[in-house]
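Data block below; observations after.
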Amino acid sequence: MAVLWPPAACPSCRFQYALTKGGCLLFSCSQCRYQFCSGCNNPYHKTVCKAAQCICPGLHAHHPRDCLFYLRDWEPPRLQALLQRSGVDFNTDPSDGSQSEACCVMEQKDDKVESPCGLRTQPGQAGLCEKHYKEYLVSLINAHSLDPAPLYEASEVIRACERYLVDTQRGGDEDEDVFLARLLKKLMEVPLGEKVPRNK
Ligand SMILES: [Zn+2]
Ligand SMILES: [Zn+2]
Ligand SMILES: [Zn+2]
Ligand SMILES: [Zn+2]
Ligand SMILES: [Zn+2]
């Protein structure tokens, strides 16, 4: 295997898992049944929750901006750019030098049996499929507590501010660049996810 996956622990009972997150971030602890997001360890709620102004009627969690839930939508070059601007190294080649056809990261499938991912690997992605390569890059971003906000486009800054209930009112005579810089500064004052796994 090209990269080591940090062990994950249930935030409720601390039971340890050595599995990747795979496609679904909603994780149910096999020991205590606690349902949480494996990207940020925040709880999943079945109905509207106690979070300020929650309007989510169904199953949901509130994810911080550095949760894999949001960062998995980024393409690998953008995740790499975030690591590069902070001088964090990442793998692009398989550690043993041989590129295999199928991704061999072990995953827990629905029937709770571990089996290899099996998706096609991509060149330059450390011998992993794209999904697991993104997960690997995000684990480095989280380990180094990197804030994705400086790479946000204007629409992303505004959406993130809305999620965090940061006031997005633009001053009447405020220049767009000044407005966005002001929002970005306020957004970055909101801490990253407090429970995001940061194993090095
Ligand atoms: Zn548990
Ligand atoms: Zn899911
Ligand atoms: Zn999350
Ligand atoms: Zn909620
Ligand atoms: Zn894979």
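Every number for a ligand or one of its atoms is a count from 1 in the order of the listing.
With respect to the Zn ion (ligand 4), His62 has NE2 as its nearest N, O or S atom.
For a distance bound of 2.8 Å, the N, O or S atoms of Cys104 include none lying that close to the Zn ion (ligand 5). Among the backbone and side-chain atoms of Cys56, no N/O/S atom is found under 2.8 Å from the Zn ion (ligand 4). Counting backbone and side-chain atoms alike, His45 contributes no N/O/S atom closer than 2.8 Å to the Zn ion (ligand 4).
His132 contributes ND1 and Cys129 contributes SG; the angle these two atoms make at the Zn ion (ligand 5) is 100°, rounded to 10°. Take the Zn ion (ligand 1) as the corner point: the lines to SG of Cys29 and to SG of Cys13 open at 110°, to the nearest 10 degrees. Geometry at the Zn ion (ligand 4): SG/Cys54 and NE2/His60 form an angle of 100°, nearest 10 degrees.
Arg182 and Gly171 get closest at one heavy-atom pair: NH2-N, 4.3 Å. The nearest pair of heavy atoms linking Leu82 to Trp74 is CD2-CZ3, 4.3 Å.
Figure legend: Arg163 and Tyr70 shown as a cation-pi pair, the cationic atom lying under 6.0 angstrom from the six-membered ring centre and within 45 degrees of its axis.
Aromatic ring orientation, Tyr136 versus Tyr133: tilted (interplanar angle from 30° to 60°). Aromatic ring pairs are classed by plane angle as parallel below 30°, tilted from 30° to 60° and perpendicular above 60°; the pair His63 and Tyr44 is perpendicular.
Between Ser38 and Glu135, the closest side-chain pair of non-hydrogen atoms is not below 4.5 Å.
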